[in-house]
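A short worksheet on the structure shown next.
Only a predicted model underlies this, so the values are computations on that prediction, with no experimental measurement involved. Note that ligands are numbered from 1 as they come in the structure, with each ligand's atoms numbered from 1 the same way. The basis for the numbers below is simple: all heavy atoms, side chains too, and nothing from hydrogens, waters or symmetry mates.
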Amino acid sequence: MGDAILRAGNPGRSGHALSIRSARDLFAARERLAELFGCADSSRFVFAENATVALNQAIKGVLRPGDHVVTTSVEHNSVMRPLRRMESAGVRVTLAPAGEDGVTEARNVISAFRKETRLVVIVHASNVSGALQPVDAVVAAARRRGILTLIDAAQTAGSLPIDLSSLPVDLLAASGHKGLLGPQGTGFLFVREGVPIVPLIEGGTGSRSESDHQPEFFPDALESGTRNSVGAAGLAVSLSWILRKGVGAIRRGELALVERILHGLSGMPGVTVYGPTDPARRGSAVSFRVEGMDPADVGARLEKRAGVLVRAGLHCSPNGHRVLGTFPAGTVRVSPGPFTTRAEIATFLSALRKVRDPSA
Ligand SMILES: Cc1ncc(COP(=O)(O)O)c(C=O)c1O
């Protein structure tokens, strides 16, 4: 309790000890984000409440009436809904089709480019099928044409290496509470220097207070109002852990568990697995269905009988499910993280084997 009160100083607003302490927490988290993602300038990382807010800022801050945007048919609603909103403001949207395995071929995205194309938005890994999307090829092709790029890294930040010094993406959004292992209420948008972007929200930044115009320098340009310094303090701790462990090691661990899951599911009667068969073409999510059962019932039984927590349904990505042919009931999704053990995967597989048996 005492510590929570001590941390209540408003970052960047005063010169007193509590304010400075909060500002340091924010700065530490920002610096660690920059280190994790290979960027020399931490001021390009703007804090947001979650990936959704970061994606909205990127999409609505860049697109103008008359612009064209290309995205994929496996995006999350945090991309699709702002894009649909922008359509009513005179923006045209093209969805590049994905294959049945949830992978969008780069050529399908690139062939949708037009001369008015201003932005490409692409998810790094689908949160439905787990399928990795061809971000490198798409970013390279868009850059050659002067088209801005936005990656939704909600499913991959902290789980898959992302190096902004070699991947010339313009904007990248992620949650703090998924693979970055931070508290809910944290997330960020990376904005490369020189990318023209208008803030969604203007207000107090604690800087240039003599002016009634929003500062143009980063991160203040896109950070108005009191920041979540308590969340940032937590995120700074989890980022330190990830930096010590190494994203490569986290990826290897999660991949080994995904392989186990895929191997276990492949031999199970009545179970259909979605997404790429090659685990290396996936993030850390595996979606499946059990013949004759509603995914929600499968999820409920896994929890009740074995304490296994999964997410069932449409995963806020109806399009991702349409591609797999699993709309509207959705799938059951299991997603190992860095603290998931092999024993837990064995428990899950064993519970799933018995899930259709009402007496088990
Ligand atoms: C691919 C993808 N994008 C965006 C989001 C939105 O993330 P947040 O809940 O941090 O807003 C999610 C969350 O599930 C996601 O999986």
May I ask you to identify the nearest protein heavy atom to atom 15 (C) of ligand 1, giving residue, atom name and distance to one decimal place in Å? His76 CD2, 3.3 Å
Using a 4.0 Å cutoff against the non-hydrogen atoms of Asn50, which atoms of ligand 1 qualify? 8 (P), 10 (O), 11 (O)
Hey, is His177 one of the residues with a heavy atom under 4.0 angstrom from ligand 1? yes
Show me which atoms of ligand 1 lie under 4.0 Å from any heavy atom of Val123. 1 (C)
Contacts of type ring pair (Phe, Tyr, Trp, His ring centres under 6.0 Å), residue His76, not counting sequence neighbours: none
CZ of Arg85: more than 12 outside heavy atoms within 6.0 angstrom? no
Does Glu254 pair with Arg251 as a salt bridge, N-O distance under 4.0 Å? no
Would you say Thr186's side chain and Gly182's backbone share a donor-acceptor pair under 3.5 angstrom? no
Heavy-atom gap Glu75 to ligand 1 smaller than 4.0 Å: no
Which protein heavy atom lies closest to atom 11 (O) of ligand 1, and at what distance to 0.1 Å? Thr52 OG1, 2.4 Å
Identify, for atom 14 (O) of ligand 1, the protein heavy atom at the shortest distance, and state residue, atom and that distance. Lys178 NZ, 2.9 Å
Of the protein's non-hydrogen atoms, which lies at the shortest distance from atom 1 (C) of ligand 1, and what is that distance? Asp152 OD2, 3.4 Å
The criterion is ring pair (Phe, Tyr, Trp, His ring centres under 6.0 Å); which residues satisfy it with His177, sequence neighbours excluded? none
More than 12 heavy atoms of other groups within 6.0 Å of Arg81 CZ: no
I need the nearest protein heavy-atom contact for atom 16 (O) of ligand 1: residue, atom name and distance, please. Gln155 NE2, 2.8 Å
Any ion pair linking Arg30 and Glu223 (charged N to carboxylate O, less than 4.0 Å)? yes
Can you tell which of Ser78, Ser175, Ala54 gets a heavy atom nearest to atom 4 (C) of ligand 1? Ser78
